[in-house]
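Index from 1, following the sequence. Just so it is clear, the model here is predicted, and its values are computed rather than measured.
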Amino acid sequence: MAQILLGKEVTASLNEEIKEKVNKLKEHHVTPKLGIIRIGERQDDIAYERNAVKRCETLSVAYEKFLLPEDATEDIVIDTIQKVNQAEDIHGVLIFRPLPHHLDEEKILNTLAVEKDVDGITNLSMAGIFAGKEMGYAPCTASACIRILDHYGITCTGKKAVVVGRSLVVGKPVAMMLLKKNATVTICHTKTQNLEKEVQAADIVIAAAGSAGFIKKEHLRPGQVVIDVGINVDEEGNLCGDVAFDEAEPIVEAITPVPRGVGGVTTSILVEHVVNAALLKMEA
Ligand code: NAP
């Protein structure tokens, strides 16, 4: 029976830290504020936005939504980003991705001021992660994986970590963050040969492929810690991860469930990044 690494336990201690920082800001009459830019009406964006807003409200962090239609022009989107860049009271910005196809994502995302890039979407933020430097913010989901490991006292030094997925949102940044914590890191993807063998060799598995339950018992062995980032819907319409939980749980040492794992931690990390950005601005 594996230890179940529950997101809510991590979130509880993270939220306490955030509250302390918010109180410190309050003493200086600063209210941290998140700007949310959403283009279109994608249901998963709206669900994430609802959770982010709820978490902001719980933690006394302000927010302002900038909602644009699906067919918004590049000029309108860039104007909106420049507006939040200049807004003195907005400390961090969430922009939902992917952007609609008619927009130049690379150009638009890199318009965001790096000091407000609390979800690591700009090239400058990403450069900081790859250089192992404390500049900008890592994507919230990648940070959430690391925070879960830290919270449960799972050390990375000298361990073999395997990340399945190489997106800029999760796979690549989390791999760099594990490397910074002295793990020996392998990144797997759709062209990886013998994925079973690669994953089985890992002490720490980060599953971030977006394929329902595709990591099965033959990929796993006793002693492994599994962080399941995947958010998928199974054949019965239920939310599930990338790891077949019922197969993995009797084998591995520890595992995050889906739901109740990484997702909730990601939202708190977003708020933490906004609060940290407000603190940095105040102390500058
Ligand atoms: P993505 O951009 O689609 O990237 C998926 C990656 O996984 C790609 O690199 C792909 O390889 C690889 N992959 C897909 N199927 C594979 C397979 N069968 N074997 C090996 N590699 C495979 O997805 P993403 O944005 O990184 O998101 C990944 C998952 O995390 C999704 O389920 C998403 O919903 C979830 N997610 C969760 C949170 C959270 O807060 N919990 C936040 C963001 C995303 P190639 O590069 O070769 O195509």
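Between H273 and C140, the closest heavy-atom pair is ND1-SG, 3.9 Å. C56 and A62 make their closest contact through SG-O, 4.4 Å (heavy atoms, listed as atom of the first residue, atom of the second, distance). Of all heavy-atom pairs between I129 and A138, the closest is CD1-CA, 3.5 Å. The heavy-atom pair separating I204 from C156 by the smallest distance is CD1-SG, 4.0 Å. The shortest non-hydrogen separation linking I187 to G165 is CG2-O, 3.6 Å.
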Would I36 and F96 count as a side chain to side chain contact (heavy atoms under 4.5 Å, CB included) here? Give the steps. CA-CA 8 Å; I36 300 171; F96 286 101; 3.7 Å; yes
Steps toward side chain to side chain contact (heavy atoms under 4.5 Å, CB included) verdict (I76, L68): CA-CA 9 Å; I76 287 177; L68 299 175; 4.0 Å; yes
Worked check of salt bridge (Lys or Arg N to Asp or Glu O under 4.0 Å) between K19 and E16: CA-CA 5 Å; K19 279 181 196 159; E16 285 310 308; 3.5 Å; yes
Pair S125, V114 - check side chain to side chain contact (heavy atoms under 4.5 Å, CB included), show working. CA-CA 7 Å; S125 299; V114 69; 3.6 Å; yes
Please report the C-alpha distance between T267 and N51 in whole Å, then the side-chain angles of each, then the deciding distance to 0.1 Å, and finally whether the side chain to side chain donor-acceptor pair (under 3.5 Å) criterion is met. CA-CA 7 Å; T267 320; N51 290 334; 5.3 Å; no
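Taking the side chain as every heavy atom from C-beta outward, L280 and E115 never approach each other to under 4.5 Å. Between V225 and L5 the shortest side-chain heavy-atom distance falls below 4.5 Å. Contact of the F245 side chain with the I4 side chain is registered, since non-hydrogen atoms from C-beta on lie closer than 4.5 Å. Using a 4.5 Å cut-off on side-chain heavy atoms (C-beta onward), E49 and K65 make contact. The shortest side-chain heavy-atom distance between L109 and T122 does not fall under the 4.5 Å cut-off. Side-chain contact between V274 and K33 is absent, with no heavy-atom pair separated by less than 4.5 Å. Looking at T266 and Y48, their side chains come closer than 4.5 Å, going by heavy atoms from C-beta outward. Counting heavy atoms from C-beta outward, V258 and C240 have side chains that stay 4.5 Å or more apart.
Residues M177 and F130 share a hydrophobic cluster, clusters being chains of Ile/Leu/Val/Met/Phe/Trp/Tyr side chains in contact below 4.5 Å. Under the 4.5 Å side-chain heavy-atom criterion for grouping Ile, Leu, Val, Met, Phe, Trp and Tyr, I90 is not connected to L25 through any hydrophobic cluster. Two different hydrophobic clusters hold V53 and V93 under the rule that ILVMFWY side chains link at heavy-atom gaps under 4.5 Å. If you chain together hydrophobic residues whose side chains sit under 4.5 Å apart, V271 and I95 never meet in one group. Criterion: ILVMFWY side-chain heavy atoms under 4.5 Å apart, direct or through other members. Under it, L112 and Y137 are not part of a common hydrophobic cluster.
Rounded to the nearest 0.5 angstrom, K181 NZ and K159 NZ are separated by 10.5 Å. Summarising the geometry, atom CG belonging to D150 is positioned 10.5 Å from atom OG belonging to S13; distances are rounded to the nearest 0.5 Å. E41 CD to I46 CD1: the interatomic distance, rounded to the nearest 0.5 Å, is 4.5 Å. If you take OG1 on T184 and NZ on K160, they are separated by 7.5 Å, rounding to the nearest 0.5 Å.
Exactly one residue among I215, D242, I206 makes a side chain to side chain contact (heavy atoms under 4.5 Å, CB included) with V164. That residue is I215. A side chain to side chain contact (heavy atoms under 4.5 Å, CB included) with V265 holds for exactly one of T11, T256, T141; it is T11. Between L94 and the choices D119, I121, D45, the side chain to side chain contact (heavy atoms under 4.5 Å, CB included) rule is met once, by D119.
The closest donor-acceptor contact from the side chain of Y152 to the backbone of L6 lies under 3.5 Å. Put simply, the side chain of E247 never gets that close to the backbone of K216: no donor and acceptor are under 3.5 Å apart. Side-chain atoms of R55 come within 3.5 Å of backbone N or O of G264 as a donor-acceptor pair. Looking only at distances, a side-chain donor or acceptor of K281 sits under 3.5 Å from a matching main-chain atom of E88. Checked by atom type and distance alone, the side chain of H91 never pairs as donor or acceptor with a backbone atom of A278 at under 3.5 Å. E74 contributes no side-chain N or O that, together with a main-chain N or O of I108, makes up a donor-acceptor pair within less than 3.5 Å. Not a single donor-acceptor pair under 3.5 Å links the side chain of E64 to the backbone N or O of V84. Using modelled atom types, no side-chain atom of R50 and backbone atom of A52 make a donor-acceptor pair closer than 3.5 Å. Here the side chain of T192 pairs no donor or acceptor atom with the backbone of L195 at under 3.5 angstrom. Looking at T155, its side chain never comes within 3.5 Å of a backbone N or O of T157 through a donor-acceptor pair.
Annotation for R260: atom CZ does not count as buried by contact number, only 12 or fewer foreign heavy atoms lying within 6.0 Å. Around the CD atom of E235, the shell of radius 6.0 Å holds no more than 12 heavy atoms that belong to other residues, nucleotides or ligands.
A salt bridge links R147 with E17: the distance from a Lys NZ or Arg NE/NH1/NH2 to an Asp or Glu carboxylate oxygen falls below 4.0 Å. Checked for salt-bridge contact, K54 and E57 miss the test: no charged N lies under 4.0 Å from a carboxylate O. Checked for salt-bridge contact, R221 and D203 meet the test: a charged N lies under 4.0 Å from a carboxylate O.
Side chains of N85 and K116: a donor-acceptor N/O pair is absent below 3.5 angstrom, by distance only.
Taking the six-membered ring where tryptophan is involved, the planes of H219 and F214 are perpendicular, since the angle between them exceeds 60° and thus also 30°.
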